[in-house]
Visitor: 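Handing you this structure, nothing more for now.
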Amino acid sequence: MIPAAFDYERPGTLADAVGLLQRHGDGAKLLAGGHSLLPMMKLRLAVPELLIDLSAIDGLTGVRDAGSQIAIGALTTHRDVHSSDVVANGCPMLAEAAGMIGDLQVRNRGTIGGSLAHAEPHADLPAVLVALEGEVEVEGPAGKRTIAASDLFVDYLTTAISADEIITEVRVPKLRRAAYVKFSRRMQDWAVVGVAAALDGGSARIAITGCGATPFRARAAEAAWTGSNAAEASALAADGLEPPGDTAASPDYRRHLARVLTGRALEAAAGR
């Protein structure tokens, strides 16, 4: 299908982009990589009056070592996250998850900030960010603020980012003992279920994607983790989980996948 008519702006500064959001309100949409927004526009599921292309704004790309954290510009592509030595050495789970996203075209154009802002329920990066207890920095008319991953994802395709704010940076802790595994019907598909497990000292943080509107924290499995009991802990991964059923999987099958993949993620993380 053909998208509805829209206006297009390519501001050169972040302040100009924020100003456009203020003036146009809900009628404006930000364009980063476009691999989620443009298909929705073609199906008329999104009908923005204005597209604000962020690609001309300096300072929104790149990866840097920020001490105990890794800081990633919001417009950094999945390919660049995947290939970054800083990410691979400091937080290999994030590098590996970025390499699992979509196909080559999506990884070459899609961005880390765009994926997190879109908050697709089957996406890989939201669960990874939640398990890592990462954060995003956003900027709007009132200046900059930081949103923790635990507060970022609010509902289906909905985040805590205000309509006049833009993600500028994503930050994750340096953590090697973490792993992300997923099950999908084809390599480039969304995850039917995906599990991110991060081990920090003697504790585990486990986030599951594909089983609800937002990433699900498997609290029962986290509480059961002792450091070497992946089978016992993963048996509790679906406690409290109420996944949807669709053509990809039934609710029971998603619960089964959550348990199996949690075990695999815990074993992979502990083996690093």
Visitor: Between Thr111 and Thr77 (side chain of the first, backbone of the second, donor and acceptor by atom type, cut-off under 3.5 Å), is there such a pair?
Guide: no
Visitor: Out of curiosity, Leu157 CG to Leu45 CG, how far, rounded to the nearest 0.5 Å?
Guide: 10.0 Å
Visitor: Within this structure, what is the CD-CG distance for the pair Glu9 and Asp16, rounded to the nearest 0.5 Å?
Guide: 9.5 Å
Visitor: Can you confirm whether His122 is buried at NE2, in the sense that more than 12 heavy atoms of other residues, nucleotides or ligands lie under 6.0 Å from that atom?
Guide: yes
Visitor: Take Asp164 and Ser162, measure what side-chain hydrogen bond (donor to acceptor under 3.5 Å, both in side chains) needs, and give me the verdict at the end.
Guide: CA-CA 5 Å; Asp164 55 4; Ser162 298; 4.5 Å; no
Visitor: If Ile, Leu, Val, Met, Phe, Trp and Tyr residues are connected whenever their side-chain heavy atoms lie under 4.5 Å apart, and connections chain through other members, are Leu20 and Val138 in the same group?
Guide: no
Visitor: What is the distance from atom CD1 of Ile161 to atom CG of Leu116, rounded to the nearest 0.5 Å?
Guide: 8.0 Å
Visitor: Will you find, in the side chains of Asp200 and Ser203, an N or O donor that is under 3.5 Å from an N or O acceptor?
Guide: no
Visitor: Between Lys182 (side chain) and Ala196 (backbone), is there a donor-acceptor pair under 3.5 Å?
Guide: no
Visitor: Under 3.5 Å, is there a donor on one side chain and an acceptor on the other for Thr146 and Glu137?
Guide: no
Visitor: Does a donor on one side chain sit under 3.5 Å from an acceptor on the other, for Asp252 and Ser250?
Guide: no
Visitor: Report yes if some heavy atom in the side chain of Ile52 is under 4.5 Å from a heavy atom in the side chain of Pro11; otherwise report no.
Guide: yes
Visitor: Does atom CZ of Arg109 have more than 12 heavy-atom neighbours, drawn from other residues, nucleotides or ligands, at distances under 6.0 Å?
Guide: no
Visitor: Would you check if the side chain of Thr209 reaches a backbone N or O of Ala123 as a donor-acceptor pair within less than 3.5 Å?
Guide: yes
Visitor: Quick one: does Thr262's side chain have a donor or acceptor within less than 3.5 Å of a partner on Ala258's backbone?
Guide: yes
Visitor: Test Ile208 against Val193 for side-chain contact (heavy atoms from CB on, under 4.5 Å), laying out the working first.
Guide: CA-CA 7 Å; Ile208 302 174; Val193 176; 3.9 Å; yes
Visitor: Count the heavy atoms of every other residue, nucleotide or ligand shown that sit under 6.0 Å from CD of Gln22, and state whether that count exceeds 12.
Guide: yes
Visitor: Going by an N to O cut-off under 4.0 Å, is there a salt bridge joining Arg23 and Glu49?
Guide: no
Visitor: Can you tell if the side chain of Leu266 reaches within under 4.5 Å of the side chain of Val195, non-hydrogen atoms only?
Guide: no
Visitor: Taking atom CZ of Phe6 and atom CG of Leu50, what is their separation to the nearest 0.5 Å?
Guide: 9.5 Å
Visitor: Measuring from atom CG of Leu125 to atom CD1 of Ile101, what distance do you get when rounded to the nearest 0.5 angstrom?
Guide: 3.5 Å
Visitor: What about Leu54 and Val18, same hydrophobic cluster or not, with Ile/Leu/Val/Met/Phe/Trp/Tyr joined at side-chain heavy-atom distances under 4.5 Å?
Guide: yes
Visitor: When you check the gap from the basic side-chain N to the acidic O, do Arg205 and Glu222 get nearer than 4.0 Å?
Guide: no
Visitor: Is there a donor-acceptor pair under 3.5 Å between the side chain of Arg176 and the backbone N or O of Asn89?
Guide: yes
Visitor: Can you spot which of Arg145, Arg171, Lys144 makes a salt bridge (Lys or Arg N to Asp or Glu O under 4.0 Å) with Glu135?
Guide: Arg171
Visitor: Drop me the distance from Cys211's SG to Arg255's CZ, to the nearest 0.5 angstrom.
Guide: 9.0 Å
Visitor: Looking at Arg254 and Asp246, is there a salt bridge between them, counting it only when a charged N and a carboxylate O are closer than 4.0 Å?
Guide: yes
Visitor: Is Leu51 reachable from Leu75 through a run of hydrophobic residues whose side-chain heavy atoms are each under 4.5 Å from the next?
Guide: no
Visitor: Answer yes or no: is there an ion pair linking Lys174 with Asp65, defined by an N-O contact shorter than 4.0 Å?
Guide: yes
